[in-house]
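Lettering of chains follows the sequences in order, A, B, ..., and the numbering in each one begins at 1.
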Amino acid sequence: MANSRAEIWAPELPYASRTWRDTITRSAPWAIALTAATAFIVFQYGAQFGIWKYTVLICWYLALLVAGSLWRSIQWAVPAVVIPALAAVWMYSAGQTPENSWILRYFLQGLAAVLWMGGLLLLATAAYVLHVLMKNETVGRWATRLTWAGTLMGFIGLGVRWRETYIGHPSWGHIPVSNLWEVFVLFCASTSLFYLYYEQRYRARALGAFVMPLVASAVGFLLWLTFAQHMDRIEPLIPALQSFWMKLHVPMMFVGYANFTVASLVGLAYLLTKRSAVRGGTLSKMMPAPEIMDDVMYKAIAFGFLFFTTATILGAVWAAKAWGGFWSWDPKETWALIVWLNYAGYLHARVVKGWRGTNMAWWSFMSIWVVTFCFLGVNLFLSGLHSYGKL
Amino acid sequence: MGISGEMRSPSRRRLLWQFLGSMRLAVNLLVLLAVASIIGTVLRQQESYSSYAFRFGEFWFQVYRDLGVYNVYRTLWYMGIVGFLVFSTATCITRNTPRMLKEILEFPVRQREGAIRAQEHFLELHSALPVPALQERLLSLLRGYGYRPRTEIRDGLCYVAARKGKFNRIGYFLTHLAIITICGAALYNADVPVRWAEWMGTLVPETNFDLPLPKIPHSAWMPLHNLAYRGSVTLPEGDTADVVFESAGDGYLVQKLPFRIHLKSFHIKYYSTGMPRDFVSDVVLYGPQGQVLKSGLVRVNHPMSYDGTEIYQSSFSDGGSLLRMRSFLLGLPAMAAGKLVGKVGQTLKAGSSGYSVSLKNFKMTNVVPWSSVDGHAHPGSPVINLGPSFIYVVHTPQGGAGEFKTYMLPIHRDGQSFYVQGFRATRGAPYTYVAIPNGPHGGISLFVDYLAALQQALNGGANPTPAVLTQVFQQVAEVAAPTMPPEKQALFVRDSMLAMTQMHDYPAPFILRLSSFHHRWAASLQVTKWPGTIVIYWGCVALVLGIFILFYLPQKKVWAELREDPEGGSRLLLGGSADRNKLEFSRTFEFWQKNLTDATEIH
Ligand code: HEM
């Protein structure tokens with residue numbers, strides 16, 4: 001009875017609030033599949049695992065379990081990334097190379113997959129904008145599909161590139177989050193992924209016309225890095241980056257950046273929609289209700305804040321291991337603190353003082369400058385220990 | 001705070017108390033701290049005072065210095081803001097704790113009708129069901145959503161209450177207590193007593209970097225049992241140290257260590273591209289009586305810890321390599337080449353000529369791009385190994401100076417080998433590189449001889465025509481390289497002419513070549529004693545946990561009152577609110593409303 005209740009009402013509302021029982025029964029197959037896959041990994045490779053590998057495995061298991069239960073699309077997206085990536089790894093180990101295999105050359109090689117990601121996300125952006133301008137639902141559906149395809153290609157590319165760093169020079173191998181090119185791929189893919197989550201959960205497809213153009217400009221920058229700077233070349237790691245902590249610190253940071261970016265552009269959407277509502281413009285007819293946008297902003301910032309806090313702490317732990325002190329007032333560290341303080345201020349104003357509406361949308365929107373400076377500006381304009389991103 | 005408290009005019013103490021724990025202050029302090037932090041990122045911190053003075057001019061240099069802008073995060077005012085934030089947060093916690101504790105512990109099932117109506121969401125409906133059936137319906141509905149509702153029947157009325165996220169307030173304690181803990185421990189690590197002594201002037205940083213250790217005045221020594229410190233020391237291979245230096249303002253402070261560090265050796269591992277892969281120091285720690293306390297490797301990302309201190313590999317330099325050089329006087333035949341021996345860091349007198357040579361740096365390997373040496377592209381082999389190099393500065397008796405960089409291995413071009421010699425007259429300018437051709441037996445003596453003979457011929461009145469140049473070379477070669485074939489000779493003359501024109505501005509009358517060396521590294525090790533760190537880690541755990549609880553386990557409260565309707569059926573009054581995720585809760589409440597309304601109408 002509890003089940004049918006949620007099912008009956010779900011379609012009429014922007015998102016369904018489910019009972020716990022629903023959530024658990026609906027995600028049982030996912031839990032079983034995930035457990036089976038994890039058990040397989042343990043039986044197959046467990047003998048070589050130390051405590052850290054087990055910790056990482058358990059963290060991934062739990063994170064995917066929760067993510068898949070709360071957002072069902074994860075349940076097919078994970079295999080859609082893992083299977084092609086493993087296929088590419090298998091092809092490499094079977095002696096195939098981009099030179100003699102067209103599948104690797106045009107699709108699955110790290111660089112090829114990333115270029116597919118770029119192309120698909122650019123198309124998706126155009127589709128989102130058309131969707132809003134032409135008020136055409138079909139175009140909108142295609143925009144969502146293209147974004148999914150681009151996101152998946154991005155993660156496939158990163159996965160395959162991880163393997164590629166070992167090929168030819170085993171001592172170089174590293175997780176591909178170590179230079180500006182690699183983190184930009186991560187940024188594009190993860191921002192799109194989180195955007196898709198909010199779009200789906202709030203049934204707010206028109207937001208894509210605001211969020212995706214930023215992703216598109218990141219893609220543009222990525223293409224410039226690729227073709228003008230040749231930063232897609234695989235290079236060995238400098239000593240300071242050879243650490244287990246990098247694997248945790250950087251990806252978590254990007255969960256934060258991605259959510260802050262989404263929140264900021266939703267803030268922009270909010271402001272423009274309000275303005276358009278006054279004049280009775282098209283925007284106000286296509287965009288979701290202001291309360292919904294307000295809620296997306298808050299949710300994204302809260303989620304980003306949790307991860308950003310954790311990532312900064314992990315960075316501090318790493319710094320303690322690598323450089324002798326958990327905090328050195330390195331420009332990147334300091335800017336991370338500034339971003340953090342900024343959002344702590346935002347959350348206080350919203351939760352404790354109960355501020356809503358235009359002011360908070362401005363705050364959220366303007367924060368992107370702070371975030372972008374932390375992410376990119378520090379690398380380009382300031383010097384410090386985080387020189388991985390130097391041009 | 002009751003109404004009566006507001007009616008009375010609040011005392012000054014009370015106002016201050018309110019101000020300190022106010023949200024407005026908290027938000028402002030957060031933003032102020034963020035802005036103050038920016039300063040230290042736009043201006044590079046802890047550079048030499050002379051470079052700041054050069055940049056800002058004397059007046060602004062002094063203003064900024066007095067504000068502490070050159071090391072912002074160590075100033076008392078910055079620490080003051082942090083301290084104030086800690087204080088304000090502590091006030092906030094103290095004030096909110098009783099209220100929140102009460103809220104956690106007490107949750108009445110019965111609620112006044114007015115209070116139910118005052119909830120954010122509220123509904124009132126009439127049902128055909130009798131009270132027990134409607135109550136059952138409501139209870140199963142709430143249970144389905146994970147609540148554990150309680151019921152109470154009093155005076156013929158049925159009350160139902162439920163809440164979720166009772167411990168949400170714990171999240172508030174955890175986050176704010178964590179902030180206090182983290183900032184407090186960080187202030188402890190920042191060694192406030194020493195900063196205070198520095199500010200009071202009882203501790204004075206020493207600004208002369210050339211003083212030997214025993215000569216450093218006592219006022220620059222930090223106490224042996226200092227709470228916390230972070231300093232570094234540069235140790236040549238084979239040396240031992242028992243102090244570290246902490247930079248402070250324009251100078252440094254000295255910290256005595258409870259052990260001695262001995263650097264056995266240092267080495268660098270490389271990737272095949274010539275990029276460094278790891279920096280490794282092999283060290284031994286000795287106790288005061290000379291007993292070995294610990295030994296092992298200190299690598300980047302792999303520090304050594306001993307008794308509360310952590311030793312890190314922070315950088316490296318030359319530790320005084322022994323260099324043996326030959327000097328060729330320009331204008332004299334190479335027979336007269338002199339010998340020079342010295343260590344990097346020393347300044348040598350060149351005989352009684354008045355010239356002196358300071359040996360600046362030695363570098364063991366130089367794998368550099370071709371383009372940086374001769375400006376040509378070399379497809380296929382973009383890098384070249386030039387072997388060891390050393391840098392020296394020549395001071396002329398007239399007070400001039402020039403800086404030189406000499407590579408030990410030759411480069412090859414068109415079958416001829418060359419030594420690369422860089423020079424510049426001013427520091428910071430790019431080097432001008434000369435490629436000096438080597439004779440058939442290697443070495444630059446053939447070139448030096450040729451140069452001397454040419455000068456002699458020109459001084460004797462000869463004209464520098466191609467025929468004369470060739471003829472002079474043939475005379476030199478007859479003695480020095482009799483087997484040299486003529487076409488090689490022609491090439492050599494051409495290359496020598498090129499080198500001589502490049503040497504037009506050569507700022508010294510001699511060339512030094514490295515003949516052998518004994519390499520010695522120095523490692524810079526950083527020693528940190530930060531006992532607050534472990535406390536900070538626990539604070540961080542509390543912070544993340546607290547944030548998670550605050551965001552994702554929001555408190556939701558529901559109260560209901562059911563009563564029999566005199567006209568048949570029953571009446572329901574339902575109110576609920578959530579302190580976060582309000583939109584979601586309002587959707588849930590809509591479900592409930594539909595569901596309950598539904599139930600009443602089906603029957
Ligand atoms: C460094 C200083 C501080 C930091 C980093 C900090 C951080 C936070 C965070 C992350 C939240 C959760 C916001 C949310 O749930 O969305 C919060 C809530 C809160 N903060 Fe602070 N805070 C600080 C100082 C203060 C101060 C000084 C006060 C006193 C006025 C204060 C009062 C509160 C209150 C009342 C809440 C809401 C708790 C609740 O509703 O459960 N905070 N703070």
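For R230(B), the part lying under 4.5 angstrom from a heavy atom of chain A is the side chain only. With a 4.5 angstrom heavy-atom cutoff, F244(A) does not touch chain B via any of its atoms. Proximity to chain A (any heavy atom under 4.5 Å) is restricted, for N189(B), to the side chain, taken from C-beta onward. Only the backbone of W327(A) comes within contact range of chain B, with heavy atoms under 4.5 Å apart. With a 4.5 angstrom heavy-atom cutoff, Q526(B) touches chain A only via side-chain atoms. With a threshold of 4.5 angstrom between heavy atoms, F548(B) approaches chain A through its backbone and through its side chain. Both the backbone and the side chain of S37(B) come within less than 4.5 Å of a heavy atom of chain A.
Here the straight-line distance linking atom CG of N359(A) with atom OH of Y346(A) works out to 11.0 Å at 0.5 Å rounding. Atom CD1 in I292(A) sits 10.0 Å away from atom NZ in K299(A) (nearest 0.5 Å). Here the straight-line distance linking atom OG1 of T175(B) with atom CG of L545(B) works out to 10.0 Å at 0.5 Å rounding. Considering CD1 of I301(A) and CH2 of W363(A), their distance stands at 9.5 Å, rounded to 0.5 Å.
Of all the listed residues (I38(B), T533(B), L33(B), D278(B)), the one sharing the greatest number of non-hydrogen pairs under 4.5 Å with chain A is I38(B). The greatest number of non-hydrogen atom pairs below 4.5 Å with chain B, out of A349(A), S171(A), G345(A), is found for S171(A). Among T312(A), V339(A), L237(A), the residue making the largest number of heavy-atom pairs under 4.5 Å with chain B is L237(A).
Counting only residues at least two apart or in different chains, salt bridge (Lys or Arg N to Asp or Glu O under 4.0 Å) contacts with residues 339-351 of chain A comprise D294(A)-R350(A).
The side-chain tip of K529(B) does not point at the ring of Y229(B) from less than 6.0 angstrom away and within 45° of straight on.
Interface residues of residues 313-320 of chain A toward chain B, defined by a heavy-atom distance below 4.5 Å and sorted by number: I313(A), V317(A), W318(A), A320(A).
A salt bridge between E584(B) and R587(B) is absent, with no side-chain N of the basic residue lying under 4.0 Å from a carboxylate O of the acidic one. Checked for salt-bridge contact, K582(B) and E120(B) meet the test: a charged N lies under 4.0 Å from a carboxylate O.
Between Y552(B) and I547(B), the closest side-chain pair of non-hydrogen atoms is not below 4.5 Å.
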**OP:** Give the C-alpha distance, both sets of side-chain angles, the deciding distance and a yes or no for ring-ring contact (aromatic ring centres under 6.0 Å, His included) between F266(B) and F316(B).
**Re:** CA-CA 9 Å; F266(B) 172 84; F316(B) 60 92; 5.5 Å; yes
Subject >> Full working for ring-ring contact (aromatic ring centres under 6.0 Å, His included) between F305(A) and Y343(A) >> reply: CA-CA 7 Å; F305(A) 190 74; Y343(A) 283 112; 7.3 Å; no
